[in-house]
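Report on one structure; see the data block that follows.
Just so we're clear, the structure is a prediction, and the values are computed from it rather than from any experiment.
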Amino acid sequence: MVTNPQPPVGGDTSNVVPGLVGLSFFLAITLIVYGFRIYTRVHPTFQLTAADYILSAALLCELAVFISQMIAIHLGLGRYDYYLSPTASINILKSLFPVGLLGFWASSLARVSIGSMLLRFEISTVWRVMLWVLILIQLALAIGADIFQLLQCRPIRALWEPVPDAVCWTPRTSQSFSYIHSGIGITSDIVFAIMPAFFIWSLPRPVLERTLVSILMALGMIAAVAGIMKLHTIRVWNPREVTLRDWVPLLWWYRVEEIGLIAAACAPFLKPPIERVLGRFGVTKFGFITISLPTIRSFQGGSAKDSSKEESSV
């Protein structure tokens, strides 16, 4: 970490407030949407599936990450290093250690939950294999990220305090791993956001309903945008040279990605309330499309047959 012997211009200020306010609001909305999802899955009948449990695990990881980051902020994260004592800096970095370990699991498990939900569609073998590959990639990403963090420095406590003769990976190695990890994450987010459209538009449902569900499922693009912003920040970021204040934007973008994925996994369950709201504005209630099917009817006592068309709902 770089230390500046001169007091910074502007005095003892913090740069966490704008991001903290925005992210807290985003997290609160996501918690409400998650609560609505779980309520619809247990009421009036209990219908929780693996996707629900996996998403719940992702949310627990995210809450633990958010609390750890709040502790770091309380200890002084976001202030200039000039105003932080060596003990405070060490405690901040210790508080951020579980953020790295659990944050990757929050995003990966959220993607796995979305993939598990998509597997419930009637889809071809090719799509099913592709989904399983993406799911396995997410698990590999989380495991790889944790291994990377645990092996970055020897001894491991060199991650948060000065240790004589400590051996750490070079900044270039850290950046390269971050590029690869973020690139795979962004690609996965885009695929998970776009893929549902191929399934949904093959269903015999009204156009408005298919459009609405496609948009809700595509909210995962928020995570993709956050991933792109992470890459932009990582490009000029060196974890062993920047000040703690410089960490804040990158940490916020990680949280936006994770919370965005959890929100995207819950968004499709908002269809019923949105449908009710649209109904108040005169939009016809969603239902199966009615199409005409040809039928054959025989007249009583005769051999003549008449082709006609009968309406049938699918």
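For the atom pair OG of Ser89 and CG of Leu84, the computed distance is 4.5 Å after rounding to the nearest 0.5 Å. The CG atom of Leu63 sits 11.5 Å away from the CE atom of Met70 when rounded to the nearest 0.5 Å. Interatomic distance, CE of Met117 versus CZ of Phe192, reported as 10.0 Å (0.5 Å rounding). Summarising the geometry, atom CG belonging to Leu244 is positioned 12.0 Å from atom CD1 belonging to Ile73; distances are rounded to the nearest 0.5 Å. We find the CG-CG distance between Leu60 and Leu109 to be 10.0 Å, quoted to the nearest 0.5 Å. Atom CD1 of residue Ile114 and atom CG of residue Leu55 lie 8.0 Å apart, to the nearest 0.5 angstrom.
Aromatic rings from Phe148 and Trp169 are positioned such that their centres are separated by under 6.0 Å.
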Which pairs of donor and acceptor atoms, one on a side chain in residues 94-107, lie under 3.5 Å apart (sequence neighbours left out)?
unit_1 : atom_1 : unit_2 : atom_2 : d
Ser95  : OG     : Asn91  : O      : 2.9
Trp105 : NE1    : Asp146 : OD2    : 2.7
Ser107 : OG     : Phe104 : O      : 3.0

Please list, one pair per line, the donor and acceptor atoms closer than 3.5 Å that link side chains of residues 13-26 to other protein atoms, with sequence neighbours excluded.
unit_1 : atom_1 : unit_2 : atom_2 : d
Ser14  : OG     : Val16  : N      : 3.4
Asn15  : ND2    : Arg245 : O      : 3.1
Ser24  : OG     : Leu20  : O      : 2.6

Could you list the donor-acceptor pairs under 3.5 angstrom formed between side-chain atoms of residues 260-270 and any protein atom two or more places apart in sequence or on another chain?
none

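Classified by interplanar angle (parallel below 30°, tilted 30° to 60°, perpendicular above 60°), the ring pair Tyr39/His43 is parallel.
In this structure, the side chains of Leu151 and Ile156 stay at 4.5 Å or more apart for every pair of heavy atoms. At least one side-chain heavy atom of Leu131 sits less than 4.5 Å from a side-chain heavy atom of Ile123. In this structure, Ile194 and Val191 have side chains that are not in contact, with every pair of non-hydrogen atoms separated by 4.5 Å or more. Residues Trp252 and Met229 have side chains not in contact (no heavy-atom distance under 4.5 Å, counting atoms from C-beta outward). Using a 4.5 Å heavy-atom cutoff, the side chains of Leu251 and Leu77 are in contact. Residues Ile54 and Ser116 are in side-chain contact: their nearest non-hydrogen atoms beyond the backbone lie under 4.5 Å apart. Val112 has its side chain within reach of Leu139: a pair of non-hydrogen atoms, C-beta onward, lies under 4.5 Å apart. By the 4.5 Å heavy-atom criterion applied to side chains, Ile190 and Met221 are counted as neighbours.
Each salt bridge (Lys or Arg N to Asp or Glu O under 4.0 Å) pair with one or both residues in residues 62-76, not counting sequence neighbours, appears once here: Glu62-Arg255. For the salt bridge (Lys or Arg N to Asp or Glu O under 4.0 Å) condition, the pairs that include at least one residue of residues 176-190, sequence neighbours left out, are Arg111-Asp189. Here side chain to side chain donor-acceptor pair (under 3.5 Å) pairs that include residues 124-135, with residues two or more places apart or in two chains, number zero.
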Pair Glu258, Val65 - check side-chain contact (heavy atoms from CB on, under 4.5 Å), show working. CA-CA 10 Å; Glu258 295 151 10; Val65 165; 4.3 Å; yes
Please step through side-chain contact (heavy atoms from CB on, under 4.5 Å) for the pair Leu119 and Ile135, ending with a clear verdict. CA-CA 11 Å; Leu119 283 171; Ile135 287 172; 3.8 Å; yes
Checking side-chain contact (heavy atoms from CB on, under 4.5 Å) for the pair Ile38/Leu48: CA distance, chi angles, key distance, verdict? CA-CA 8 Å; Ile38 298 301; Leu48 291 180; 4.2 Å; yes
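The heavy-atom pair separating Ala226 from Val256 by the smallest distance is CB-CG1, 3.8 Å. Nearest heavy-atom pair, Ser108 versus Ala142, reported as atom, atom and distance to 0.1 Å: OG-CB, 3.6 Å. The minimum heavy-atom distance between Lys230 and Ser182, with the atom names listed, is CE-OG, 3.6 Å. A pairwise comparison of heavy atoms in Ser188 and Leu134 identifies OG-CD2, 4.4 Å as the closest pair. Scanning all heavy atoms of the two residues, the minimum distance from Val163 to Pro155 falls at CG1-CG, 3.8 Å.
When the shell of 6.0 Å around CD of Glu122 is examined, it contains 12 or fewer heavy atoms from other residues, nucleotides or ligands.
For Arg154, the salt bridge (charged side-chain N to carboxylate O under 4.0 Å, His left out) test picks out no residue, with sequence neighbours left out. Residues forming a ring-ring contact (aromatic ring centres under 6.0 Å, His included) with Tyr80 (at least two apart in sequence, or on another chain): none. With sequence neighbours left out, the side chain to side chain donor-acceptor pair (under 3.5 Å) criterion links Asp52 to Arg37, Arg41, Thr49. Partners of Thr173 under the side chain to side chain donor-acceptor pair (under 3.5 Å) rule, at least two apart in sequence or in another chain, are Thr170. With sequence neighbours left out, Ser56 forms a side chain to side chain donor-acceptor pair (under 3.5 Å) with Tyr34.
Side-chain heavy-atom separations under 4.5 angstrom define the hydrophobic clusters, and the remaining members of the one that includes Val133 are Val129, Ile137, Leu141, Ile180, Ile184.
Taken together through direct or relayed side-chain contacts under 4.5 Å among Ile, Leu, Val, Met, Phe, Trp and Tyr, Ile259 and Val225 form parts of separate hydrophobic clusters.
With hydrogens and angles disregarded, no donor-acceptor distance shorter than 3.5 Å links the side chain of Gln149 to the backbone of Ala145.
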